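A short write-up of the structure that comes next.
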Amino acid sequence: MQKIRFGVAGLGRIGWLFHCERIAAREDCELAAVAEREDSRRLEASAKYGCQAFSDYEEMIHSGLVDAVAIATPTHLHESMACAALRAGLDVVLEKPMAPDLASAERIAAVVKETGRLLTVYQPHRLMAYFQHIRKIVESGAIGKVTGVQRASLSYARRNDWQSLKKYGGGMLNNYGAHFLDQMLQLTGYELERIHCVLQKVATLGDADDVVKVLFATKDGVFADLLISQAAISVPYEFVVWGTHGTLEKQGNNLKLRHFDPDKLKVKNLDESLASANREYPSDAPEVQEELIPVDPFLEVDFYADFLHALRTGSQPVTPLAQTLAVMRLLAKCREDAGTEADMR
């Protein structure tokens with residue numbers, strides 16, 4: 001099997017610690033080149049991986065050394081770099097968020113269509129074992145029909161990096177929202193009807209949001225409730241899926257499943273009178289079953305195995321471009337609804 005030769009653009013946190021390591025570890029592909037402005041990082045890559053190191057991205061993609069690129073640069077550079085690679089005949093792995101805004105994402109998608117190359121966005125949280133396990137349990141019908149999803153990402157960090165600055169496409173709506181809205185859409189469905197968003201600046205040192213609240217509902221009435229805060233010192237919940245006869249909750253490395261059999265509920269008729277029997281409030285006591293299920297680590301999706309399979313077979317990658325564009329549309333509608341970030345500092 002001919003090896004796919006990769007170039008990695010950007011040797012920061014994700015480029016160095018994920019893309020370079022995962023590509024170099026595989027036998028069916030090769031880390032052939034990197035592109036990075038920082039001299040020390042280029043030298044580090046050459047020494048560790050024996051790859052060609054370029055200071056100029058355009059030089060790397062036209063060098064003839066690479067068949068595909070992983071773009072792990074700040075968000076504001078994604079459009080120009082992705083489009084240049086696609087037009088150079090290369091396939092592309094693009095970091096999330098796909099672009100700083102919807103218009104930029106749509107221009108990238110147009111070039112994908114124009115060139116016929118493969119582009120997928122690295123959305124790691126959809127690949128993780130815990131989320132794949134959540135999906136498996138939900139799809140089994142254990143909690144009935146999904147009625148709502150709650151997701152929270154809570155910590156305290158006074159952001160002072162490039163992701164705290166608007167000019168680089170920063171802000172937590174873009175940064176973490178791209179992760180968690182992607183998960184929630186897979187559970188609720190993509191036909192949205194109502195969207196509400198609040199953006200705040202609370203602990204950040206930059207000019208972009210660090211607290212995000214998003215509420216949306218689908219045309220079928222399924223709700224989603226997302227809270228992202230970099231100014232939180234408590235974590236009351238992380239991930240809850242509500243169903244017609246159960247709930248599924250992430251608790252560390254376990255999933256807590258609580259459900260009941262609706263067929264075992266006592267027969268109950270609607271009482272339209274204005275005098276409740278015995279002046280009592282209606283109530284039920286279903287026979288609830290509770291399970292604490294360890295997350296199955298083998299359910300995690302190997303991103304590069306999937307990408308290479310899609311390249312070689314022409315199949316859809318685990319993150320189809322259409323679903324990433326749906327996330328970008330939702331991010332845009334959130335910004336439109338929120339307007340100016342409330343400065344709470």
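Please read all numbers here as calculations on a predicted model, not as lab measurements. Counting from 1, the numbers follow the sequence of the chain as shown. Any value given below was found using the heavy atoms of this structure, including those in side chains, with hydrogens, waters and symmetry copies removed.
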Contact check, side chains of [X] and [Y], non-hydrogen atoms, under 4.5 Å:
| X | Y | value |
| --- | --- | --- |
| L86 | E114 | no |
| F260 | E287 | no |
| L192 | L185 | yes |
| F216 | K333 | no |
| L226 | Y176 | no |
| L173 | C334 | yes |
| W16 | E44 | yes |
| M328 | V121 | no |

Ignoring hydrogens and angles, tell me if any N or O in the side chain of [X] forms a donor-acceptor pair with the backbone of [Y] under 3.5 Å.
| X | Y | value |
| --- | --- | --- |
| D207 | K166 | yes |
| H78 | T73 | yes |
| Y49 | A24 | no |
| D210 | A203 | yes |
| D284 | P286 | no |
| E341 | A208 | no |
| T120 | T319 | yes |
| D225 | L215 | no |
| K96 | N175 | yes |
| E36 | E38 | yes |

In terms of relative ring orientation, are Y122 and F18 parallel, tilted or perpendicular, with 30° and 60° separating the classes? parallel
In terms of hydrophobic clustering (I, L, V, M, F, W, Y; side-chain heavy atoms under 4.5 Å; direct or indirect links), are [X] and [Y] co-clustered?
| X | Y | value |
| --- | --- | --- |
| I195 | L102 | yes |
| F6 | L90 | no |
| I14 | F303 | yes |
| V211 | L205 | no |
| L11 | I23 | yes |

Exercise for the section: With side-chain contact (heavy atoms from CB on, under 4.5 Å) as the test, would you mind laying out the steps for F239 and F131 before giving the verdict? Expected result: CA-CA 10 Å; F239 205 143; F131 184 65; 4.0 Å; yes
Evaluate L255 against V295 for side-chain contact (heavy atoms from CB on, under 4.5 Å), listing each step before the verdict.
CA-CA 7 Å; L255 302 176; V295 170; 4.0 Å; yes
Could you pull out the closest heavy-atom pair between [X] and [Y], with the gap in Å?
| X | Y | value |
| --- | --- | --- |
| L187 | V146 | O-CG1, 4.0 Å |
| A99 | T75 | C-CG2, 3.4 Å |
| A53 | S46 | CB-OG, 3.4 Å |
| T188 | A224 | CG2-CB, 4.2 Å |
| N254 | P294 | OD1-CA, 3.3 Å |
| V69 | A85 | CG2-CB, 3.6 Å |

For residues 235-245, the side-chain hydrogen bond (donor to acceptor under 3.5 Å, both in side chains) pairs (sequence neighbours left out) are Q150-W242, E238-K250
Residue pairs meeting side-chain hydrogen bond (donor to acceptor under 3.5 Å, both in side chains), one or both in residues 129-141, sequence neighbours left out, come to H125-Y130, Y130-R151, Y130-Q183, R135-E139, R135-Q186
For [X], is the [atom1] atom crowded, meaning more than 12 foreign heavy atoms sit under 6.0 Å from it?
| X | atom1 | result |
| --- | --- | --- |
| K268 | NZ | yes |
| L292 | CG | yes |
| D271 | CG | yes |
| R22 | CZ | no |
| H62 | NE2 | yes |
| R312 | CZ | yes |
| Q2 | CD | no |

May I ask you to decide whether [X] forms a salt bridge with [Y], counting only side-chain N to carboxylate O separations under 4.0 Å?
| X | Y | value |
| --- | --- | --- |
| D220 | K145 | no |
| E30 | R5 | no |
| D182 | R126 | yes |

Query raised in the report: Are E193 and T218 linked by a side-chain donor-acceptor pair shorter than 3.5 Å?
Result: no
With rounding to the nearest 0.5 angstrom, report the [atom1] to [atom2] distance, [X] to [Y].
| X | Y | atom1 | atom2 | answer |
| --- | --- | --- | --- | --- |
| D306 | L311 | CG | CG | 10.0 Å |
| I71 | L77 | CD1 | CG | 9.5 Å |
| Q230 | K201 | CD | NZ | 15.5 Å |
| T204 | M344 | OG1 | CE | 14.5 Å |
| M81 | H76 | CE | NE2 | 9.0 Å |
| L331 | N174 | CG | CG | 6.0 Å |

- request: For the pair Y304 and D28, evaluate side-chain contact (heavy atoms from CB on, under 4.5 Å) and give the outcome as yes or no after the intermediate values.
  value: CA-CA 10 Å; Y304 273 103; D28 54 356; over 6 Å; no
Would E291 and H259 count as a side-chain contact (heavy atoms from CB on, under 4.5 Å) here? Give the steps. CA-CA 9 Å; E291 302 174 58; H259 59 116; 3.3 Å; yes
